[in-house]
J.: 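The following block contains the structure, expressed as structure tokens.
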Protein chains: 2
Amino acid sequence: MTTPFDPMSPTSCVSFRLRRAARIVAKTYDAALKPVGLRNTQFTLLAALIMEGPQNIGQLSEALATDGTTLTRNLQVMSKRGLVEDASFHEDERVRIVKASQQGEAVFRQALPHWQMTQQKMLDVFGQERWSELADLLQLVESK
Amino acid sequence: MTTPFDPMSPTSCVSFRLRRAARIVAKTYDAALKPVGLRNTQFTLLAALIMEGPQNIGQLSEALATDGTTLTRNLQVMSKRGLVEDASFHEDERVRIVKASQQGEAVFRQALPHWQMTQQKMLDVFGQERWSELADLLQLVESK
DNA sequence: GGTCATTATCTGTATATGCAGGTAAATGAA
DNA sequence: TTCATTTACCTGCATATACAGATAATGACC
């Protein structure tokens, strides 16, 4: 006697469902990262810079699917905290290359176990198999 | 020779993946709803008030998994535009009941076909079957 | 070499989001 | 009844997010 899932009801709005789930999940990571003073978003940004190396706004924007103007400001916050800094200049003077600072790397190392704990918990919720499928589905949206 | 999916790499962070997908999807709906002057978030809020009837902040917060303080402000914006308004008083004077205004309902009706078009496009991307599965998976997070 | 379109980023403005902490009403216990 | 606790909501503060439009540097074409 469950209500049938009606995909064309605003309740089933893909945007709503994704955002709602994202809000809940983000809160979990935020809580876990709180001891090291990072938000989940900042952890991701730091991870990108550390794992992929110094990058410019455009590259980050592409990789994270985040508007460049958003990144400018998110990086500003992190810059004030000394987590990231501008890297060497580029031939093209329009381009700004950003990298994780030493302190940024240290904070990231501190954050990693907290993140891993939470990530593992999330994998347990889904089951690793299903998360892999879910990730694939989400990727569909991004390629299109 | 594809890189194997490593669920414990920060690149696979559940929060990051969900948020990234949500950003992309939200932009699509925002673009579609622009002609009627609604953001996807506002459409959802309006839909909740119209389909479920007048509600207080607490009920909305529960249904949308959005912090009450966020709702207070989001509703403020919509109230200024005359889309929502306070409903009759409650016995409990702490409680504030909100409802869609006449104009809110009119705007919602205008928005609906635009939303439907976009929703259908998203269903096509996933395939209806898969979206149903995806929605189920997302719900896992919310129940826990 | 000068002009014009393109590209990379930033600013102004507005919404979305949530935590801490505050206030007022309701509730429950003594 | 009185007072402490709980509940429902709001304010202050900070971050996240993106569109429009501005700016500055490149690149292409004559």
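Throughout, protein chains are lettered first and strands after them, A, B, ... in sequence-line order, and every chain is numbered starting at 1. Model, not experiment: these values are computed from the prediction.
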J.: Checking the side chain of B/Arg20 only, and the main-chain atoms of A/Gln139 only, is there a donor and an acceptor separated by less than 3.5 Å?
T.: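 Between the backbone of A/Gln139 and the side chain of B/Arg20 there is no qualifying donor-acceptor contact (under 3.5 Å).
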J.: For A/Gln42 and D/dT15, what is the distance between atoms CD and P respectively, to the nearest whole Å?
T.: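 Checked: the CD to P distance equals 8 Å.
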J.: Hey, are B/Arg81 and B/Gln103 close enough side-chain-wise for a donor-acceptor pair under 3.5 Å?
T.: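 On atom types as modelled, these side chains do not qualify, holding no pair under 3.5 Å.
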J.: Counting only side-chain N and O atoms of B/Asn74, is one of them less than 4.0 Å from OP1 or OP2 of C/dT15?
T.: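 Checking C/dT15 against B/Asn74, no side-chain N or O comes under 4.0 Å of OP1 or OP2.
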J.: Look at the side-chain N and O atoms of A/Arg23 and state whether any lies under 4.0 Å from the OP1 or OP2 oxygen of C/dT17.
T.: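 Yes, within the criterion.
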J.: Taking the nucleotide of DNA chain D with the nearest heavy atom to each, does A/Asn40 or B/Gly58 sit closer to the 5' end?
T.: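 The residue closer to the strand's 5' end, by nearest nucleotide, is B/Gly58.
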J.: Would a 4.5 Å heavy-atom cut-off, applied to side chains only, mark B/Leu134 and B/Phe126 as touching?
T.: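 Sidechains of B/Phe126 and B/Leu134: in contact.
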J.: Please produce a list of atom pairs where a protein N or O lies less than 3.5 Å from an N or O of nucleotides 20-24 of chain D.
T.:
unit_1 : atom_1 : unit_2  : atom_2 : d
D/dA20 : OP1    : B/Lys34 : NZ     : 2.8

J.: Write down the distance between CD (A/Glu62) and C1' (C/dT9), rounded to a whole number of angstrom.
T.: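 For the pair A/Glu62 CD and C/dT9 C1', the rounded distance is 16 Å.
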J.: Which of these nucleotides, C/dA8, C/dC10, C/dA16, is closest to any side-chain atom of A/Val95?
T.: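 For A/Val95, the side-chain atoms sit closest to C/dA8.
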J.: Measure from CG on A/Leu45 to C1' on D/dT15 and round the result to the nearest Å.
T.: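 The distance from CG of A/Leu45 to C1' of D/dT15 comes to 13 Å, rounded to the nearest Å.
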J.: Using whole Å, what does the distance between atom P of nucleotide D/dC19 and atom OH of B/Tyr29 come to?
T.: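 It works out to 17 Å between those atoms.
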J.: Just so I know, are the side chains of B/Phe16 and A/Asn40 near enough to count as touching, which here means a heavy-atom distance under 4.5 Å?
T.: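 Of all side-chain heavy-atom pairs linking A/Asn40 with B/Phe16, none is under 4.5 Å.
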J.: Under 4.0 Å, heavy atoms only, any strand: does B/Thr41 hit a base, just the sugar-phosphate, or nothing?
T.: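 The answer is sugar-phosphate, as B/Thr41 gets under 4.0 Å only of primed atoms, P, OP1 or OP2.
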J.: What is the distance, rounded to the nearest whole Å, between atom CD of B/Gln76 and atom P of D/dC9?
T.: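 After rounding, the gap between these two atoms is 14 Å.
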J.: Would the distance check show the side chain of A/Gln55 and the main-chain N or O of A/Val98 forming a donor-acceptor pair, the cut-off being under 3.5 Å?
T.: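 A pair under 3.5 Å: no.
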J.: For B/Glu91 and for A/Thr72, find the nucleotide of DNA chain C with the closest heavy atom, then tell me which residue's nucleotide is more 5'.
T.: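 Its nucleotide being nearer the 5' end, the pick is A/Thr72.
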J.: Got a donor-acceptor contact below 3.5 angstrom from the B/Arg130 side chain to the A/Leu137 backbone?
T.: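 Not confirmed, B/Arg130 side chain does not pair with A/Leu137 backbone.
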J.: Would you mind reading off the distance between B/Leu75 atom CG and D/dC9 atom P, rounded to a whole angstrom?
T.: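 Nearest whole value for this atom pair: 11 Å.
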J.: Quick one: are A/Ile50 and A/Leu46 in side-chain contact, heavy atoms under 4.5 Å?
T.: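 A side-chain contact under 4.5 Å exists here.
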J.: Rounded off to whole Å, could you give me the CG-to-P distance for the B/Asn56 and C/dA24 pair?
T.: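 It works out to 20 Å between those atoms.
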J.: As a test of reading the structure: which of C/dA16, D/dC10, D/dC19 is closest to the side chain of B/Lys27, going by heavy atoms?
T.: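 So the side chain of B/Lys27 is nearest to D/dC19.
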J.: Rounded to whole Å, please give me the gap between CZ in B/Arg96 and P in C/dA26.
T.: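 The answer, rounded to whole Å, is 17 Å.
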J.: Given D/dC9, D/dA16, C/dC10, which nucleotide is nearest the side-chain atoms of A/Ile57?
T.: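 My answer, after comparing the listed nucleotides, is C/dC10.
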J.: Categorize A/Asp30 for me: base, sugar-phosphate, or nothing, with a 4.0 angstrom heavy-atom threshold over every strand shown.
T.: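 Nothing, no nucleic acid heavy atom in range.
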J.: Compute the ring centroids of A/Phe43 and A/Phe108, then answer whether they are less than 6.0 Å apart.
T.: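 Aromatic pair counts; centres sit under 6.0 Å.
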J.: If you pin A/Gly68 and B/Asp92 to their nearest nucleotides in DNA chain C, which one's is more 5'?
T.: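 Checking each residue's closest nucleotide, the 5'-ward one belongs to A/Gly68.
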J.: For C/dG18 and A/Arg39 - does any side-chain N or O of the residue sit under 4.0 Å from the phosphate oxygens OP1/OP2?
T.: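 Answer is no, no contact under 4.0 Å.
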